[in-house]
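Right, one structure below, let's go through it.
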Amino acid sequence: MTTSNNRRPGRWRFAAAIGTAAALVLSGCGLNESDDSSGDKAGGGTVLRIGTTTDVSNFNPLQSLSKTDSWILNAMYPHLLRIDENAKKAPELAKDYSYEDGGKTAVFHLRDDFTWSDGKPVVAEDVKFSAEQIMKYKLGNVAAKLTWVTSVEAPDATTVKFKLSQPYAPFAEGVGFWMSIVPKHVFESAGDLSKFANDADWVGAGPFVLDSATKGQRYVMKRNEKYPLAPGGKAALSQVEYRIYPDVNTMMLALRNGDIDLMGTPVPASAAKTFENDDKIKLQKVGALGFAHLTYNMNNKDLAKQEVRQALSMAVDTKAIIASVLQGDAQQMAGPISPIFADYDNPEVQPYPFDPAGAKAKLSSAGYRDGDGDGLFDNLTLGVACDQSNANLTRVVQLFRESAAKAGIKLENQCVERNTFLSRTKNGEYDIDASQWGVFDNPMDQLRSTYLSSNPGGINYNLLKSPEMDGLINDAAATTDKDAFAEKIKNIDKVVHEQAYLTPLYVENFQFAYNASKFTGFVASPSDLLGMVTAYSLAQVKPAS
């Protein structure tokens, strides 16, 4: 299934009708094939080839939630702010921001030198349109961050004002970082943007714009000839190409063989040492803005019980997981607030101890029985879903299954292809979700997105509906006193831990591998979601001399 910037939107849908046959043909082609898009040069330019394991599932940047989607879409659609290599918010389309009216108006001042790839300037009306469409159709996780917006104004081409119903301190940084800005003159004609596929004829204002997409094979992006954040006003690379591999091990082999130049996916800690004797390959380490976790589906009759969730938390040997899977290169988590947010992380919250006997006793007290004496509780079998392309989490699930059996709990491995996994978790089609958040840039937005029953960010994967949690979160969100706000976040941290709505596992360091003999200049950002492939980073890359 192939589409390109030379095709009209309807062609993708037509291609879908013949997708099965096309996929069979394409699956017979290796990614080492010689064609005029492979190699270092294409049309006299320089091509950077990036490995990934997942296809793009949604080309509409206003509603996409997938990692691979964001890699490609963020290179096309600018954001007001970005996160720099020190995890601080930095200017992107916006030069700066400020608050007026006692915090009830957030004002962004835009650069005047961003240009859409069709030649039109990026202006405040584009930002206003993007925000209003997200609010109208409740698109993606940004909809939650616009909850308090009563109106958006664009008094001139470079000024945008968000009027809020109440002050909300993380507003500007949250919206500025997460919201993609789309071209009003292109998207306006699409009508209902919740149904807009945006799968051809792409117009972007990032350093690169998608030119063609071949499902299961490659996504080719061409340089935007005007990108003000690149040295010299445009990226040194003429083309960026994402290539799909079935797993990380195959991708590592492709990097060694020179088929790709950068792994977009982190190198598993257990495999990083295999690059040590390769003079061409360099590893770049970054920290995490998210964390690995086990999330429990509250619609499951067993997992709806606090005792079962606590017993599962006691059946995970997290220290052993960190030692064996991550080679010790991670920090254990206790509650849902990452220790990177030191002002909000509750020091009273400690991880559940690894105690299979204690977990078994807790389940016996809750009424579970081992009638046949096989060491496992009767009628307590749970599936653990994960993304099979994540080598670390696949191993975590394996170790969790082994340790849970010691507590009398039978777990079944349900790791599947990434997009299938994402679909199942989004639809609540799982018992236990073993996964890793990509980026949380502030704890308030995190708690609102993950635990409010209204599910404003679309990631309440617990399917939790708790009046207590709703009340605690809404109360904290309306608190403007800094110290009082921090105490309320710490209290929520404690409640989530006591209820064991999830079992936090670890905050990981990530390592990315690239061919340093060919390219240099990457500006890595924290997290596996951002890593080496942010728009800003790709715009700084140049051939190694």
Side-chain angles (χ1 to χ4, degrees), residues 51-54 67-68 245-255 263-276 283 285-288 290-296 312-333 338 351-352 354 356 359 381-407 409-422 424-425 430-438 461 502-513 527-529 531:
T52 181
T53 57
T54 312
K67 181 194 302 183
T68 297
Y245 289 89
D247 54 57
V248 172
N249 291 331
T250 309
M251 194 192 309
M252 289 175 62
L253 182 61
L255 180 63
M263 291 177 59
T265 304
V267 180
S270 58
K273 290 184 178 178
T274 63
F275 284 127
E276 286 184 348
L283 291 169
K285 181 179 289 190
V286 303
F291 55 90
H293 58 95
L294 304 170
T295 292
Y296 306 119
L312 285 162
S313 297
M314 297 165 68
V316 183
D317 193 351
T318 306
K319 290 182 179 178
I321 286 172
I322 291 174
S324 62
V325 178
L326 303 167
Q327 310 298 302
D329 200 8
Q331 181 177 354
Q332 185 174 7
M333 289 271 295
S338 170
Y352 285 90
F354 176 56
T381 300
L382 300 164
V384 186
C386 86
D387 167 14
Q388 66 183 12
S389 69
N390 187 319
N392 287 347
L393 283 174
T394 303
R395 178 67 175 144
V396 165
V397 170
Q398 179 183 346
L399 294 176
F400 180 33
R401 190 174 70 245
E402 294 170 2
S403 61
K406 299 176 182 176
I409 306 169
K410 183 179 181 180
L411 300 180
E412 295 177 342
N413 185 333
Q414 297 178 347
C415 294
V416 294
E417 176 270 332
R418 178 170 177 77
N419 281 337
T420 302
F421 165 73
L422 292 173
R424 288 183 180 177
T425 50
Y430 72 96
D431 297 327
I432 302 172
D433 162 29
S435 60
Q436 189 154 338
W437 297 122
Y461 292 161
L502 84 167
T503 302
L505 296 175
Y506 51 78
V507 181
E508 183 180 0
N509 289 322
F510 299 105
Q511 296 194 76
F512 295 91
S527 92
D528 62 333
L529 176 65

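If you're wondering where the values come from, they're calculated on a predicted model, not measured in any experiment.
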Practice problem: Compute whether any side-chain donor of one residue and acceptor of the other, for Arg401 and Gln398, lie under 3.5 angstrom apart. | Solution: no
Quiz item: About how many Å separate CG of Leu399 and OG1 of Thr318, when rounded to the nearest 0.5 Å?
Solution: 10.5 Å
Quiz item: Is there a side-chain contact (heavy atoms from CB on, under 4.5 Å) between Val396 and Tyr506 once you walk through the steps?
Solution: CA-CA 11 Å; Val396 165; Tyr506 51 78; 3.8 Å; yes
Quiz item: Taking all atoms of both residues into account, what is the closest heavy-atom pair of Ala315 and Phe354, and its distance?
Solution: O-CE1, 3.7 Å
Quiz item: Between Val507 and Ser338, which heavy-atom pair has the shortest distance, and what is it?
Solution: CG2-OG, 3.9 Å
Quiz item: With a 4.5 Å limit on heavy-atom distance, are the side chains of Leu502 and Tyr461 in contact?
Solution: no
Quiz prompt | Any side-chain heavy-atom pair of Asn392 and Gln436 under 4.5 Å | solution = no
Quiz item: What is the distance from atom CD of Gln332 to atom CD1 of Ile321, rounded to the nearest 0.5 Å?
Solution: 9.5 Å
Quiz item: Would you say Pro268 and Val248 make side-chain contact, with heavy atoms under 4.5 Å?
Solution: yes
Quiz item: Any side-chain heavy atom of Thr265 within less than 4.5 Å of one from Tyr245?
Solution: no
Exercise. Taking the side chain as every heavy atom from C-beta outward, state whether Ser435 and Asp387 have any atom pair closer than 4.5 Å.
Key: no
Practice problem: Over 60° means perpendicular and under 30° means parallel, so classify the ring planes of His293 and Trp437, tilted if in between. | Solution: parallel
Quiz item: Any side-chain heavy-atom pair from Leu312 and Leu294 closer than 4.5 angstrom?
Solution: no
Practice problem: Verify side-chain contact (heavy atoms from CB on, under 4.5 Å) between Phe512 and Val286, making sure each step is shown before the conclusion. | Solution: CA-CA 8 Å; Phe512 295 91; Val286 303; 3.6 Å; yes
Quiz item: What's the shortest heavy-atom distance between Asp317 and Ser403, and which atoms?
Solution: N-OG, 4.2 Å
Quiz item: How long is the gap from CG on Asn390 to CZ on Phe421, to the nearest 0.5 Å?
Solution: 9.0 Å
Quiz item: How far does CG of Asp329 sit from CZ of Phe510, to the nearest 0.5 angstrom?
Solution: 10.5 Å
Exercise. Considering non-hydrogen atoms only, spot the tightest contact between Met333 and Pro504 and give its length.
Key: CB-CB, 3.4 Å
Self-check item: Spatial distance of atom CZ (Arg418) from atom OG1 (Thr53) [nearest 0.5 Å]
Solution: 7.0 Å
Quiz item: Taking all atoms of both residues into account, what is the closest heavy-atom pair of Ala434 and Val397, and its distance?
Solution: CB-CG2, 3.7 Å
Practice problem: Give the minimum heavy-atom separation between Asn419 and Glu417, together with the two atoms involved. | Solution: N-OE2, 3.0 Å
Quiz item: Roughly how far apart are Tyr296 OH and Asp433 CG, rounded to 0.5 Å?
Solution: 10.5 Å
Exercise. For Thr295 and Tyr430, run side-chain contact (heavy atoms from CB on, under 4.5 Å): C-alpha distance rounded to whole Å, both residues' side-chain angles, the deciding distance at 0.1 Å, then the answer.
Key: CA-CA 10 Å; Thr295 292; Tyr430 72 96; 3.8 Å; yes
